[in-house]
Protein chains: 2
Amino acid sequence: MSLKYGVLGLLKGEPLHGYEVKNRFEAMLGGTWEVNIGQIYTTLQRLERDGLVRPVGRRGDRGKQSYELSPEGHKALDQWLAEADSGPQQLHEDIYVKLLLATRIANGGLQQMLARQKRAYLQRLRDLNRLEERARRDGRIDLARLVRGALLHTEADLKWMDELSSERFGAEGGAAE
Amino acid sequence: MSLKYGVLGLLKGEPLHGYEVKNRFEAMLGGTWEVNIGQIYTTLQRLERDGLVRPVGRRGDRGKQSYELSPEGHKALDQWLAEADSGPQQLHEDIYVKLLLATRIANGGLQQMLARQKRAYLQRLRDLNRLEERARRDGRIDLARLVRGALLHTEADLKWMDELSSERFGAEGGAAE
DNA sequence: TCAGTATGTATGCCGAGTATGTATGAGAGC
DNA sequence: GCTCTCATACATACTCGGCATACATACTGA
């Protein structure tokens, strides 16, 4: 999803061709998201198919094909921006499944798993801090704000791990069958 | 990913056929994750193709085909459980792209957008609280623990929104081109 | 001339959803 | 007791979007 609307957002204002879209997108994300070039082109094709985008100026030099937003494209973009992001669905994340399985089949190894996760989160915290610093140094306040969000998430994860590891496991509550 | 290993985890211990896998999986997640039945079967086929799972007892009554874990399957599962979950990649989430685009093209509407997001998170908080309560009532401590994680996440999101909306925007920091 | 970069196409895997099909057992009505 | 119907258990096939790899080709600068 986000790539689709990211492309639309970049095309708002000026027409771009695929390669440019890729670069602008990655620049916008400060290099934290490397998009696959093939994906850009298929996304553009689908956008064209759906009438949200249309080719402009038949094939400039060197096969470059630029696209611009159609009126429908503008509408779709505005609409997306106007609705709240719903985030990932309730509990659809790997870590949840992993935790459940670990609880029911590896009761012993659970504390170690929590410790491992905690270490991973600490590492991520360090990475994000460095990233935030860099963003500020580059004057990318907008990026720094994103990183701040990721930091808060990671802190929440850490807190979660701490809560879990201080529980005493034993009287387990799996579903009765 | 999580579905793949979820299936492996369920198959550890006893062989199951597709439909059973679906039901057990959804039960494990306390109904918060409805899996598509088609996905279960394709997942099983791929697992079989990759040798992590193998059919057991040729086609029981009425087409039912049960599967069991192969030794490689056990290994793969144990390995997955033994490694830390890396979570979603750095800043690859819709909300980040939405925030960036909103900053650069809809400077005016940003505060409204933050307010909308905040409302959505508050709603989610309520849902999760209800879910946690239900899990505890049902004796599903394991599930309640997951919900606790989701709650902490959502609280972090809220805090983020608060931080953002108390910034004064204006001197924006987009990338210079 | 050679390396690198700009630019694009083709192809394939996986996640996920829809649509469809077949057996079976439980109940409704005669 | 028999049939018709409906729900449900169980499975397959098809489609679409996300994402990655591999490949092809031109231009550009050392």
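Within every chain, numbering begins at 1; the chains are lettered A, B, ... in the order of the sequence lines, protein sequences first and strands thereafter.
- Taking 4.5 Å as the limit, every side-chain heavy atom of E68(B) sits out of range of all side-chain heavy atoms of L11(B).
- When rounded to the nearest whole Å, the span between OH of Y5(B) and P of dG15(C) equals 10 Å.
- Rounding to whole angstrom units, NZ of residue K22(B) and C1' of dG15(C) are separated by 15 Å.
- The NZ-P distance, from K64(B) to dT24(C), rounds to 10 Å in whole Å.
- Q65(B) has its CD atom 17 Å from the P atom of dA23(C), to the nearest Å.
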Which atom pairs, donor and acceptor, lie under 3.5 Å between side-chain atoms of residues 32-44 of chain A and protein residues at least two apart or in another chain?
residue	atom	partner	partner atom	Å
T32(A)	OG1	L29(A)	O	2.8
N36(A)	OD1	G38(A)	N	2.8
T42(A)	OG1	G38(A)	O	3.1
T42(A)	OG1	Q39(A)	O	3.0
T43(A)	OG1	Q39(A)	O	2.7

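- Within 6.0 Å of atom NZ in K159(B), 12 or fewer heavy atoms from other residues, nucleotides or ligands are found, so the atom counts as exposed in its surroundings.
- Scanning both residues, Y67(A) and V56(A), for their nearest heavy atoms gives N-CG1, 4.0 Å.
- Proximity of Y121(A) to K118(A): side-chain heavy atoms (C-beta onward) are nowhere separated by under 4.5 Å.
- Using a 3.5 Å distance cut-off with no hydrogens or angles, the side chains of E133(A) and N129(A) do not pair a donor with an acceptor.
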Reading nucleotides 14-20 of chain D from 5' to 3' and marking B where a protein heavy atom lies under 4.0 Å of the base, S where only the sugar-phosphate is that close, and - otherwise, the string is ---BBBB
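- In this structure, CD of Q45(B) is placed 10 Å from C1' of dA13(D), rounded to the nearest angstrom.
- Rounded to an integer number of Å, the gap from CD1 of I40(B) to P of dC14(C) is 16 Å.
- F25(B) has its CZ atom 12 Å from the P atom of dG15(C), to the nearest Å.
- Side-chain nitrogen and oxygen atoms of Y19(B) include at least one within less than 4.0 Å of the OP1 or OP2 phosphate oxygen of dA9(D).
- The distance between atom OH of Y41(B) and atom P of dG17(C), rounded to the nearest whole Å, is 16 Å.
- Mapping I37(B) and H17(A) onto DNA chain C via the closest heavy atom, the residue that lands nearer the 5' end is H17(A).
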